[in-house]
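Here is the structure we will look at.
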Amino acid sequence: MGIVSEEAIDEFQELMDKAEEPLKKTFERVHQGYLRENLGRFLKARDWNVCKAHIMLVECLRWRVDNEIDSILSKPIVPTELYRDVRDSQLIGMSGYTKEGLPVFAIGVGLSTFDKASVHYYVQSHIQINEYRDRVLLNGRPITTCVKVLDMTGLRLSALSQIKLLTIISTIDDLNYPEKTNTYYVVNAPYIFSACWKVVKPLLQERTRKKIHVLSGCGMDELLKIMDFTSLPHFCRRGSSGSSHHTQSANCFSINHPFHQQLYNYVKHHYETQGQAEPAKQGSFHVGFPEPEAERCVIAKTIESELHKFENCNGLAMSIGDRKASHEKLKDDET
């Protein structure tokens with residue numbers, strides 16, 4: 001960091017020293033002993049404006065206190081069948097680490113359906129993965145970011161129905177887990193993604209644009225430059241047929257993958273240490289959804305508009321095809 005950045009962190013730290021005690025306590029969960037590195041994340045998210053970064057962090061900490069985020073890793077999603085449904089429809093998992101030690105998270109964007117549970121369970125699951133990453137996997141380490149590999153296999157017009165939920169999740173990340181992703185790698189991108197990316201890319205902040213890399217095909221050759229083969233997500237291995245066609249041991253989305261088994265057992269254990277047996281059914285756990293920023297709303301509406309264009313074009317193509325089929329049938333009847 002440069003001198004200006006260090007001075008900004010000093011000023012930011014002085015402001016946080018005056019914070020209310022409950023906010024200080026939850027902030028300890030956030031920075032895990034790496035105070036300056038985490039202050040730097042919020043400063044970077046607000047272009048090193050100390051006043052804006054301070055407001056952002058205080059609002060984040062209040063969100064954590066109001067929604068009891070510090071205890072979310074002791075709130076299992078039960079019964080197991082419900083957790084399995086969430087895992088089957090919200091495709092995310094950790095496949096390993098980069099050569100620099102950054103966790104590699106794989107996300108099956110195209111084949112995630114988000115249709116087997118309410119929005120609150122998907123949000124709860126997402127936050128639990130974030131907290132487990134930060135408080136368990138990265139505990140005691142100066143690393144504060146991860147790498148995400150986004151698999152677009154199976155991306156279709158039905159993605160239109162998922163935009164609202166994805167906007168909620170991405171807003172939670174932007175406001176409460178800023179600058180936690182070092183790089184986004186997009187792989188197996190169909191034409192529909194390329195068309196949407198063309199109109200969305202200019203709307204993104206330059207800082208965000210630089211993080212996103214669209215790779216050719218499954219991206220294996222490029223990704224092997226930053227991670228070993230064993231850390232590659234299953235859908236990036238040449239000969240892969242996408243996010244869903246793999247054995248459970250290799251598929252990092254599966255509930256049986258070591259990452260999800262360890263996460264689930266960790267949460268279950270911390271619930272049981274409170275002196276209670278595993279609940280028979282899921283208790284009420286609703287996290288407040290922050291309002292998306294204006295930029296996020298514009299991006300969501302742009303994607304919706306682009307997908308609607310595809311929907312209309314497909315409808316026209318189907319209509320033409322139907323007319324052609326009817327015409328050929330009429331000719332057959334005449335003969």
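Keep in mind that the numbers below use all heavy atoms, side chains included, and drop hydrogens, waters and symmetry copies.
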Is E21 salt-bridged to K25, cutoff N-O under 4.0 Å? no
Just so I know, are the side chains of F193 and K198 near enough to count as touching, which here means a heavy-atom distance under 4.5 Å? no
Any non-hydrogen side-chain atom of K52 less than 4.5 Å from a side-chain atom of L43? no
Ring center gap for H54 and F42 short of 6.0 angstrom: no
Which atom pair, heavy atoms only, marks the closest approach of M94 to P103? CE-CB, 4.0 Å
Validation row, ring centre H31 to ring centre F27 under 6.0 Å: yes
Taking N251 for the side chain and F253 for the main chain, is one N or O donor matched with an acceptor at less than 3.5 Å? yes
Check the side chains of Y122 and S89 for a donor-acceptor pair under 3.5 angstrom, ignoring hydrogens and angles. yes
E37 with R141: basic N within carboxylate O range, under 4.0 Å: no
Does one side chain, of Q90 or S125, offer a donor that lies under 3.5 Å from an acceptor on the other? yes
Any side-chain heavy atom of L223 within less than 4.5 Å of one from V149? yes
Apply side-chain hydrogen bond (donor to acceptor under 3.5 Å, both in side chains) to residues T230 and D228 and explain how you reach the verdict. CA-CA 5 Å; T230 53; D228 294 330; 5.0 Å; no
Determine whether R62 and E20 make a side-chain contact, defined as any pair of heavy atoms from C-beta on separated by less than 4.5 Å. yes
Is R87 close enough and on-axis enough to Y83, meaning under 6.0 Å and within 45°, for cation-pi? yes
Between H260 and S254, is there a side-chain heavy-atom distance shorter than 4.5 Å? no
Y177 vs W63 aromatic rings, parallel, tilted or perpendicular, using cut-offs 30° and 60°? perpendicular
In this structure, is the centre-to-centre distance between the rings of Y266 and H270 below 6.0 Å? yes
Salt-bridge contact R64-D70 (side-chain N to carboxylate O under 4.0 Å): yes
For a 4.5 angstrom cut-off between non-hydrogen side-chain atoms, does F105 reach F259? yes
Kindly write out the residues that satisfy salt bridge (charged side-chain N to carboxylate O under 4.0 Å, His left out) with E59, not counting sequence neighbours, or none if the list is empty. none
Check the surroundings of atom CD in E100: do more than 12 heavy atoms from other residues, nucleotides or ligands lie under 6.0 Å from it? no
Less than 4.5 Å apart, any side-chain heavy atom of E68 and any of T26? no
Does a sphere of radius 6.0 Å around NZ in K201 hold more than 12 heavy atoms from other residues, nucleotides or ligands, not counting ones at 6.0 Å or beyond? no
Quick test of your reading of the model: are D47 and R207 salt-bridged, counting only N-O distances below 4.0 Å? yes
How about R133 and C146: do any of their side-chain heavy atoms sit closer than 4.5 Å? yes
Lys/Arg N to Asp/Glu carboxylate O, R36 vs D10, below 4.0 Å: yes
